[in-house]
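Contents: one structure, followed by commentary.
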Amino acid sequence: QDELTVETSLVKLTFDTTTGGLKTVEMNGLTENIQQTFGIYKGYRGNNGESKNRSSGAYVFRPSGDIEIVNNKVELSFYNGTKVKEVHQHVNEWISQVIRIYEDVNRVEFEWLVGPIPTDDDVGKEIITRFSSNISSKGKFYTDSNGREILERERNQREHFTPDMSEAISGNYYPVTGQISLQDDEKRITLLNDRAQGGSSLKDGELELMLHRRLLNDDAFGVGEALNEIQYGTGLIARGKIYLILDAVAGKPNQRLLQHQLDQHFWKFFSKSNGVASVNK
Amino acid sequence: SEDLDNLSQAMGIMQHHDAVTGTEKQAVASDYDRMLFKAIVGAENSARDALRSLTNLTSGEFKSCLELNISVCTFTQDTANNVIVTLVNPLAHSSTQYVRVPAKNENYIVTDEKGREVFSEVIPVPWLVLALEHRSNDTQHELVFKASVDKIANFLIRVLPTPKNIAEDQVYFPAERS
């Protein structure tokens, strides 16, 4: 079959089995075409002689040229549990992901695994994931302010001055410590992350988050070495989670309490026992 | 209190802007790893003493598993039979979450503090996680169940005799490789 449908009582996902990618998301009474891709920005390599020649590094995201979308066919395997449904995506030798929905849980979980980022070609790379939809967001998107206030961002604009947007990709990147979202008059897509990341909406209907970076040059802002994970020889593997929520537009975007579950999940302690344990009153 | 002071001091150092943003040198990052690991392992003693007082498991081990992010737990890798999972909710409100415990592909029964069965299922760990270098490959599955926790809750995991066959639930869509 050309399509794989994965559903619980609250969420329905459709995958295109020819490409292996996500196609549509249905939840909260809404349906939206949402494609997810992974992309690579090549890190700019400068000589740091003056600011315009500064390399992409620990402090600066400065891509060289446009994004390269990883568009090889994704290998899928699907686990159809009773309460848990999982689609395991194998994107390439160093990018993979689990897309997961749970019964009675109104969100889609993306657990990504990226690395070690190859640098055999002597090029630093910055890996992002991008969610594309048909939502007409008209240049606006929203990011949190350290997990509290939600701030409206407008592509290629600043609130109090006219910006120089000659570096249009990084110039539109904002810190995302908890969530990023976009919306039109009807629908909203929110992404919640489990760690501080950079994020943006470079086109209407699109959201992207930076997942992992490995760079070969220092940016001359102070750290004095490249962000190259060289101590570990082959580079690091990072694993993390993103929650996606599609819902109706009503008031300001807010998922503050859910946001906490991502970085403050239950602590687990293990003991051997034959009997049931109880908590003292 | 010495253990808790060490953890408190390590967490204090982690508030430095270089630690928060990852703009420290690699050797400093490794030193942060060393400090945090030592402090966390030290504070496990305090956590165990506290949980022994707060539960009826007066001689419970209350072991932490620091490799749960790669679905590995030495405490459960040989068998998760007769294992109590104590969940502590760090949030200031009750929470319901699905819990994942690394386990072998066996038929489990999970019960809550009142002995009631909690629905659980065993699912495979993605193969790229299994293929991670330095990861011990003893555990290839995770036991998943839903838990509602006010502050602390205990769940008992036991193995039932019949092995579970999960292969029939899996569908595979291979990529055409050039």
Side-chain angles (χ1 to χ4, degrees), chain A residues 4 15 17 20 58-59 72-84 86 88-90 93-98 102-105 111 113 196 221-225 227-232 234 237 239 257 260-261 264-280, chain B residues 22-27 30 47 51 53-57 60-65 68-70 73 75-76 82-91 93 95 97-99 101 111 113 115 119 121 123-124 126-129 132 144 146-147 149 152-154 156 169-176:
Chain A
L4 166 69
F15 291 83
T17 54
Y59 296 86
N72 48 316
K73 185 185 185 298
V74 174
E75 219 170 83
L76 294 182
S77 59
F78 168 46
Y79 175 75
N80 188 19
T82 309
K83 301 256 184 183
V84 190
E86 288 192 351
H88 298 190
Q89 289 182 319
H90 176 202
E93 290 308 307
W94 48 279
I95 301 176
S96 65
Q97 178 174 247
V98 178
Y102 289 108
E103 192 56 54
D104 302 324
V105 175
E111 188 168 28
L113 185 83
F221 265 122
V223 69
E225 62 185 38
L227 199 67
N228 189 14
E229 305 168 349
I230 201 156
Q231 187 152 336
Y232 301 93
T234 54
I237 300 165
R239 193 183 194 192
L257 291 180
H260 292 165
Q261 274 190 25
Q264 298 187 63
H265 39 78
F266 298 153
W267 303 341
K268 294 172 197 147
F269 296 92
F270 299 90
S271 305
K272 280 276 179 194
S273 174
N274 294 320
V276 179
S278 60
V279 178
N280 297 333
Chain B
T23 48
E24 73 280 48
K25 282 182 186 287
Q26 183 62 63
S30 301
L51 288 166
S53 300
L54 291 166
T55 66
N56 66 343
L57 290 173
E61 294 100 322
F62 296 105
K63 286 277 185 195
S64 299
C65 290
L68 288 174
N69 63 331
I70 52 168
C73 175
F75 200 82
T76 58
N82 294 326
V83 167
I84 297 274
V85 185
T86 303
L87 301 174
V88 176
N89 175 10
L91 299 168
H93 51 84
S95 180
Q97 299 174 24
Y98 278 89
V99 175
V101 175
T111 47
E113 291 175 10
F119 180 85
E121 56 194 311
I123 59 162
W127 74 265
L128 267 175
V129 175
L132 291 175
V144 182
K146 191 176 176 184
V149 184
I152 302 174
N154 297 291
L156 173 63
D169 295 330
Q170 278 186 283
V171 187
Y172 183 59
F173 299 88
E176 289 164 17

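Proteins come first, then strands; the chains are lettered A, B, ... in the order of their sequence lines, and each starts at number 1.
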Honestly, the part of A:Gln97 sitting under 4.5 Å from a heavy atom of chain B is neither
Applying a strict 4.5 Å limit to non-hydrogen atoms, the region of A:Ala196 in contact with chain B is neither
Run the numbers on B:Tyr98 and A:His265 for side chain to side chain contact (heavy atoms under 4.5 Å, CB included), then give the verdict. CA-CA 10 Å; B:Tyr98 278 89; A:His265 39 78; over 6 Å; no
Heavy-atom closest pair (B:Asn56 atom, A:Ala277 atom, distance to 0.1 Å) is OD1-CA, 3.4 Å
So, the part of B:Asn89 with a heavy atom under 4.5 Å from chain A: the answer is both
Interatomic distance, CG@B:Leu132 vs CD1@A:Ile237, rounded to 0.5 Å, equals 4.5 Å
Note: B:Glu121 and A:Thr82 closest approach over all heavy atoms is OE1-N, 2.7 Å
Looking only at heavy atoms, the pair that brings A:Phe266 and B:Pro90 closest together is CA-CD, 4.2 Å
Any non-hydrogen side-chain atom of A:Leu113 less than 4.5 Å from a side-chain atom of B:Val129? yes
Tell me whether B:Lys25 at atom NZ has more than 12 heavy atoms from other residues, nucleotides or ligands lying less than 6.0 Å away. yes
Row check, A:Tyr102 ring normal vs B:Lys146 NZ/CZ: under 6.0 Å, within 45°:
no
Heavy-atom closest pair (B:Thr55 atom, A:Asn280 atom, distance to 0.1 Å) is O-ND2, 3.1 Å
dist B:Ser95:OG -> A:Gln264:CD (nearest 0.5 Å) comes out at 10.5 Å
Rounded to the nearest 0.5 Å, the CD1 atom of B:Ile84 sits from the OG atom of A:Ser271 at a distance of 7.0 Å
Residues passing the side chain to side chain contact (heavy atoms under 4.5 Å, CB included) test with B:Thr76, sequence neighbours excluded, are A:Phe270, B:Cys73, B:Ala80, B:Val83, B:Val101, B:Pro102
Rounded to the nearest 0.5 angstrom, the NZ-NZ distance for A:Lys272 and B:Lys63 is 13.0 Å
B:Ala47 meets the side chain to side chain contact (heavy atoms under 4.5 Å, CB included) criterion, sequence neighbours left out, with A:Phe269
Side chain to side chain contact (heavy atoms under 4.5 Å, CB included) assessment of A:Val223 paired with B:Glu24:
CA-CA 6 Å; A:Val223 69; B:Glu24 73 280 48; 5.8 Å; no
Of B:Leu51, B:Leu156, B:Leu128, the largest count of non-hydrogen pairs under 4.5 angstrom with chain A goes to B:Leu128
Scored by heavy-atom pairs under 4.5 Å with chain A, the best of B:Glu61, B:His93, B:Gln97 is B:Gln97
Closest heavy-atom pair, A:Val98 versus B:Pro126, reported as atoms and distance to 0.1 Å, is CG2-CG, 3.2 Å
One option among B:Val99, B:Leu68, B:Val149, B:Val144 has the most heavy-atom pairs under 4.5 Å with chain A, and it is B:Val149
So, the part of B:Leu87 with a heavy atom under 4.5 Å from chain A: the answer is both
Subject >> Pairwise side-chain contact, B:Ser64 with A:Lys268, heavy-atom cut-off 4.5 Å (strictly under) >> reply: no
